[in-house]
Amino acid sequence: MGKLELWEQKLKDKGIRWTRQREIIIGVLLDSSRPLSAQDIFAKLKEEYPKLRLSTVYRNLNSFKDDNIVRSLNLKGNEQKFELIDGHHHHHLICIECDDILPLDCPLKEFERKLKDDTGYTIIDHRMKIYGLCPSCKKY
């Protein structure tokens, strides 16, 4: 079973109808190695699907967010970016010049365990964003 079929099954398991619009939006997110804005997704699809509307992309992304299919991230400024929730916990390294985003594996598992042991807290989630200059922007 391919990745797209796995996502189709995930949506169906949550009682979400699998439509062509949802399929192509999920497909774009699957093909991306970084979080995308609704505008990014729309730009990738508008030539092949000229009847698709930006409002449709937003509506589906917000529905996916409500159903825990995607997470939204505010990485720089107020623009929301979206990525699939695939069970792989990670963080992001963000270039402050070109907005390039590099996913990073989480280095905090041991720290979370120590926090839990030291404080008695049940750690539910954590998020980390690291900002810097990518190698290309650093040259200027």
Side-chain angles (χ1 to χ4, degrees):
M1 185 180 278
K3 289 182 181 180
L4 198 55
E5 291 83 11
L6 287 171
W7 282 97
E8 178 181 359
Q9 191 57 53
K10 283 184 184 186
L11 266 66
K12 287 180 177 177
D13 289 348
K14 290 180 176 259
I16 303 167
R17 207 165 55 95
W18 185 251
T19 65
R20 182 70 179 139
Q21 294 166 339
R22 291 176 179 153
E23 178 183 351
I24 62 176
I25 292 168
I26 296 276
V28 168
L29 289 168
L30 274 172
D31 288 342
S32 179
S33 61
R34 53 182 275 167
L36 299 172
S37 69
Q39 292 89 347
D40 294 334
I41 295 167
F42 179 69
K44 290 179 183 285
L45 294 171
K46 70 180 179 181
E47 191 172 314
E48 190 174 347
Y49 301 96
K51 292 185 178 183
L52 182 68
R53 299 286 170 247
L54 180 58
S55 60
T56 301
V57 175
Y58 271 110
R59 187 173 50 256
N60 278 284
L61 288 170
N62 286 322
S63 174
F64 290 161
K65 185 174 141 187
D66 291 344
D67 291 319
N68 293 314
I69 302 295
V70 300
R71 77 175 51 89
S72 68
L73 309 158
N74 290 325
L75 299 175
K76 186 178 173 192
N78 291 326
E79 183 180 43
Q80 277 191 322
K81 304 262 183 174
F82 297 87
E83 66 183 0
L84 291 168
I85 298 174
D86 62 1
H88 175 72
H89 180 73
H90 62 277
H91 301 286
H92 300 97
L93 180 58
I94 304 139
C95 180
I96 60 171
E97 283 295 318
C98 69
D99 293 331
D100 188 37
I101 301 168
L102 181 67
L104 302 170
D105 285 334
C106 180
L108 299 177
K109 289 182 177 143
E110 188 61 31
F111 180 65
E112 265 193 10
R113 187 193 59 72
K114 182 173 178 359
L115 274 177
K116 179 182 176 191
D117 291 347
D118 290 352
T119 65
Y121 271 68
T122 299
I123 307 298
I124 297 169
D125 191 19
H126 68 265
R127 296 178 190 207
M128 180 172 52
K129 298 179 256 183
I130 303 171
Y131 295 92
L133 290 169
C134 70
S136 296
C137 293
K138 196 166 56 172
K139 293 177 186 175
Y140 300 107

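If you're wondering where the values come from, they're calculated on a predicted model, not measured in any experiment.
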Would the number of heavy atoms belonging to other residues, nucleotides or ligands and lying under 6.0 Å from [atom1] of [X] be above 12?
{"X": "K10", "atom1": "NZ", "value": "yes"}
{"X": "E5", "atom1": "CD", "value": "yes"}
{"X": "K3", "atom1": "NZ", "value": "no"}
{"X": "R17", "atom1": "CZ", "value": "no"}
{"X": "Y49", "atom1": "OH", "value": "yes"}

Open item on the list: Could you walk me through whether E112 and K109 satisfy the salt bridge (Lys or Arg N to Asp or Glu O under 4.0 Å) test, starting with their C-alpha distance in whole Å, then the side-chain angles of each, then the deciding distance to 0.1 Å, before giving a yes or no?
Closed with: CA-CA 5 Å; E112 265 193 10; K109 289 182 177 143; over 6 Å; no

Residue pair [X] / [Y], side-chain heavy-atom distance below 4.5 Å:
{"X": "C98", "Y": "C134", "answer": "yes"}
{"X": "F64", "Y": "I25", "answer": "yes"}
{"X": "Q9", "Y": "L6", "answer": "no"}
{"X": "K46", "Y": "E48", "answer": "no"}
{"X": "D67", "Y": "L11", "answer": "no"}

Task: Stepwise side-chain contact (heavy atoms from CB on, under 4.5 Å) test for Q39 and V57 - done: CA-CA 8 Å; Q39 292 89 347; V57 175; over 6 Å; no

Task: H92 and its side chain to side chain donor-acceptor pair (under 3.5 Å) partner, picked from R34, K81, E83 - done: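 For H92, the side chain to side chain donor-acceptor pair (under 3.5 Å) test succeeds with only one of R34, K81, E83, which is E83.
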
Open item on the list: Hydrophobic clusters here meaning ILVMFWY residues chained together by side-chain heavy-atom distances under 4.5 Å, can you tell me if I101 and L29 are in one?
Closed with: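 As far as the 4.5 Å side-chain criterion goes, L29 and I101 are not connected within one cluster.
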
TODO: Say whether L36 and L54 are linked into one hydrophobic cluster, either directly or through other cluster members, by side-chain heavy-atom distances under 4.5 angstrom.
DONE: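 Yes, same cluster.
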
Could you report the tightest heavy-atom contact between [X] and [Y], atom names first, then the distance?
{"X": "S33", "Y": "P103", "answer": "O-CG, 3.2 Å"}
{"X": "K12", "Y": "W18", "answer": "CE-CB, 4.0 Å"}
{"X": "V70", "Y": "F82", "answer": "CG2-CD2, 3.9 Å"}
{"X": "R71", "Y": "L84", "answer": "NH1-O, 4.0 Å"}
{"X": "P35", "Y": "L73", "answer": "CG-CD1, 3.6 Å"}
{"X": "H91", "Y": "M128", "answer": "ND1-N, 3.1 Å"}

Could you tell me the separation between the [atom1] atom of [X] and the [atom2] atom of [Y], rounded to the nearest 0.5 Å?
{"X": "L30", "Y": "D86", "atom1": "CG", "atom2": "CG", "value": "9.0 Å"}
{"X": "I85", "Y": "K65", "atom1": "CD1", "atom2": "NZ", "value": "10.5 Å"}
{"X": "D66", "Y": "L61", "atom1": "CG", "atom2": "CG", "value": "11.0 Å"}
{"X": "L104", "Y": "I94", "atom1": "CG", "atom2": "CD1", "value": "9.0 Å"}
{"X": "Q80", "Y": "N62", "atom1": "CD", "atom2": "CG", "value": "6.5 Å"}
{"X": "L93", "Y": "K129", "atom1": "CG", "atom2": "NZ", "value": "13.0 Å"}

Open item on the list: Assess the residue pair C106 and H126 against the criterion (side-chain contact (heavy atoms from CB on, under 4.5 Å)); give the C-alpha distance rounded to whole Å, side-chain angles, the decisive distance to 0.1 Å, and a yes or no.
Closed with: CA-CA 10 Å; C106 180; H126 68 265; 3.2 Å; yes

Task: N-O pairing of D117 and R113 below 4.0 Å - done: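 Between R113 and D117 there is a salt bridge, with a charged N closer than 4.0 Å to a carboxylate O.
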
Open item on the list: Pair R59, R53 - check side-chain contact (heavy atoms from CB on, under 4.5 Å), show working.
Closed with: CA-CA 10 Å; R59 187 173 50 256; R53 299 286 170 247; over 6 Å; no

Task: Sidechain-backbone polar pair: S32 side chain, V28 backbone, donor-acceptor under 3.5 Å - done: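 No: the side chain of S32 does not pair with the backbone of V28.
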
